[in-house]
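Just below is one structure, and these are the notes that go with it.
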Amino acid sequence: MIINNDVAKKLKKDFPIFKNNPKLIYLDNGATTQKPNRVINTIKEFYEKYNANVARGFYKQSQIAMEQYQNARRIVAKFINAEAEEIIFTHNATDSINSVAYAIESIIPEGRDEIVLTEMEHHSNLIPWQQLAFRSGFKLKFIKIKDDFTLDLQDAQEKITKKTAIVSLTHVSNSLGTINPVEEIVKIAKSLGVLTLIDATQSVPHMKVDVGKIGSDFLVFSGHKMLGPTGVGVLYGKRELLEKMQPFNFGGGMIKSVSKESSEFADLPEKFEAGTPNIAGAVALAEAITYIDKIGVDNIHRWESELMKYLIESLKKVGDIVLYNVGLKNTSGILSFNIKGIHAHDVASILDSYDVAVRAGHHCCMPLMKRLGIPGTVRASFYFYNTYEDIDKFVEAVKKTKEKFGR
Amino acid sequence: MTDSNFPERMYKEHILELYKSPENFGILENATHKHTETNASCGDEFTMQFIIEDGKIKDVKFYGSGCVMSTVSASLLTSKIKGMEMEEAKNLSRDDVLDLLKIKVNPGRIKCVLLPLYAVKNAITHTHRETLKI
């Protein structure tokens, strides 16, 4: 079923928040998406029917909980073309990156003491590396962005060298919506034996992400930005690397045997999941993925592109709008803009009075905003349940804001 | 969609008017005290400039950029303290400034309103590391 405006309207009915807030125009999906009935019901059903801890429960409910948790891992793995053992459940993408930034020290070869990031990273893919740099005396380098909001690939080639330990970059910029050529950058890194991490938080919910095709060593994303609950995220790592890496969290669930003096760690993936995991969260995330898969990520990407085309055309007609956008071809469903002379926070406050939910500010990308020479932007971000009517109401509210505030 | 949708509580007509043409905006020649206050998270930045003689604020102007709330607050505050004893200005409270706006400010925007107050206090007390006496 190809998504068009009618289908989007129908899909919106799967989300109870819109029934409870009939006026809500939700364009803050980059921050978190809304949750469909089936995900909410999965959580409810889990706690009402199967709730038990996983592992070593010899009773029926625990076995069902275990089966569901393992099945969730298989569903996540299949969705990004990985193996189940390569999927570690974390709290969110930030947690996943922090975990890698800690554990990676055990596998970085001698003589590699540089970390390469880009100027468009979310703070979650910057601060964990800053801390690693402080801890270990590593140096941070940043791939520049060009004035058209794309990465400077020539700069990438100069900055990724045999001294680089890891390249960590975002697949889709949470501020600009730019889709980065991650396959190319991973190829450059691989040719020099450099480790790679892709922050796929803004791509996995919206377009096909295949870890085999991208080829990165690690890839991370959050469940709540793809219809799942908060508190569950994913760390994908290549099996051979995860096997080599030392765990970074210790405790129950991640061991084979323990003596007073030392312990033998469990095999993948349990080795990296100390303590009771977010079982219901993982099961609900798998339900979200099943629903997304039924709609189809390519279908979602195509519909969001259509909405984006319509949004950009509509905003251009308003006038006095500055777009921070790379052009339709390389854009996901995220658009940053400013109304000339009006502070982004004022715009967002006014839009809220029209029941339009957007984000305004630096979007956890203060270095990027500095590079762009602005304090912040207003950001509209889609998901498949957004419609042309949502955009019309949004643009109308932008017009009103401009009229009222223009000076 | 009508104008009645507007958040009248905050963006009242007198606020918007002052935002469009703030008072005491511009460069003050021969300033004796000056301080730039920045809110890094939203990018607002205002510089307060003073001519202080015999412990009295003879003149004050500000320049910089910010949202409606911080701009209007800077305009109202500079008008209030012009001619004021320095000691009195030092003791201005958060509520003194919030009262000037005559609106109910959303909790998330209170820091915008208070930015100019910090700039004033830092300029005249020299407590801030960026404070510059010229």
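Since the structure is predicted, the reported quantities are computational estimates derived from the model, not experimental observations.
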Which heavy atom of B:Ala123 sits nearest a heavy atom of B:Phe50, and at what distance?
CB-CE1, 3.5 Å
Take the angle between the ring planes of A:Tyr383 and A:Tyr385 and call it parallel below 30°, perpendicular above 60°, tilted in between.
perpendicular
Please output the side-chain donor-acceptor pairs of residues 315-326 of chain A that fall under 3.5 Å, not counting sequence neighbours, one pair per line with the distance.
from, atom 1, to, atom 2, distance (Å)
A:Tyr324, OH, A:Asn338, ND2, 3.2
A:Asn325, OD1, A:Gly327, N, 2.9
A:Asn325, ND2, A:Thr331, OG1, 3.1

For residues 363-381 of chain A against chain B, heavy atoms under 4.5 Å, the residues are A:Met366, A:Pro375
Pair A:His362, A:His123 - check side-chain contact (heavy atoms from CB on, under 4.5 Å), show working.
CA-CA 10 Å; A:His362 53 62; A:His123 295 163; 4.2 Å; yes
B:Phe25 vs B:Phe62, ring-ring contact (aromatic ring centres under 6.0 Å, His included): CA-CA, chis, key distance, verdict
CA-CA 5 Å; B:Phe25 188 84; B:Phe62 74 97; 5.2 Å; yes
Between atom CG of A:Leu307 and atom OG1 of A:Thr387, what is the distance when rounded to the nearest 0.5 Å?
7.5 Å
Heavy-atom pairs under 4.5 Å with chain A - which of B:Ser65, B:Gly43, B:Cys67 has more of them than the others?
B:Cys67
Short side-chain donor-acceptor distance under 3.5 Å, B:Asn24 and B:Ser79:
yes
Would you call A:Asp390 and A:Lys12 a salt bridge, taking side-chain N to carboxylate O under 4.0 Å as the test?
yes
So which heavy atom on A:Lys225 is nearest to which on A:Thr32, and how close?
CG-CA, 4.4 Å
Pair B:Lys58-B:Thr32, side-chain contact (heavy atoms from CB on, under 4.5 Å): steps then yes or no
CA-CA 10 Å; B:Lys58 278 198 72 181; B:Thr32 58; over 6 Å; no
For chain B, which residues from residues 138-152 of chain A lie under 4.5 Å away (heavy-atom distances)?
none
Heavy atom to heavy atom, less than 4.5 Å: which residues from residues 15-29 of chain A reach chain B?
none
When you look at A:Gln202 and A:Ser332, which way does the side-chain contact (heavy atoms from CB on, under 4.5 Å) test go after all the steps?
CA-CA 8 Å; A:Gln202 299 290 351; A:Ser332 71; 5.7 Å; no
Would you compute the distance between atom CG of A:Asp95 and atom OG of A:Ser124 and round it to the nearest 0.5 angstrom?
11.0 Å
Would you say that B:Arg94 contacts B:Leu114 through its side chain, given a criterion of any heavy-atom pair below 4.5 Å between the two side chains?
yes
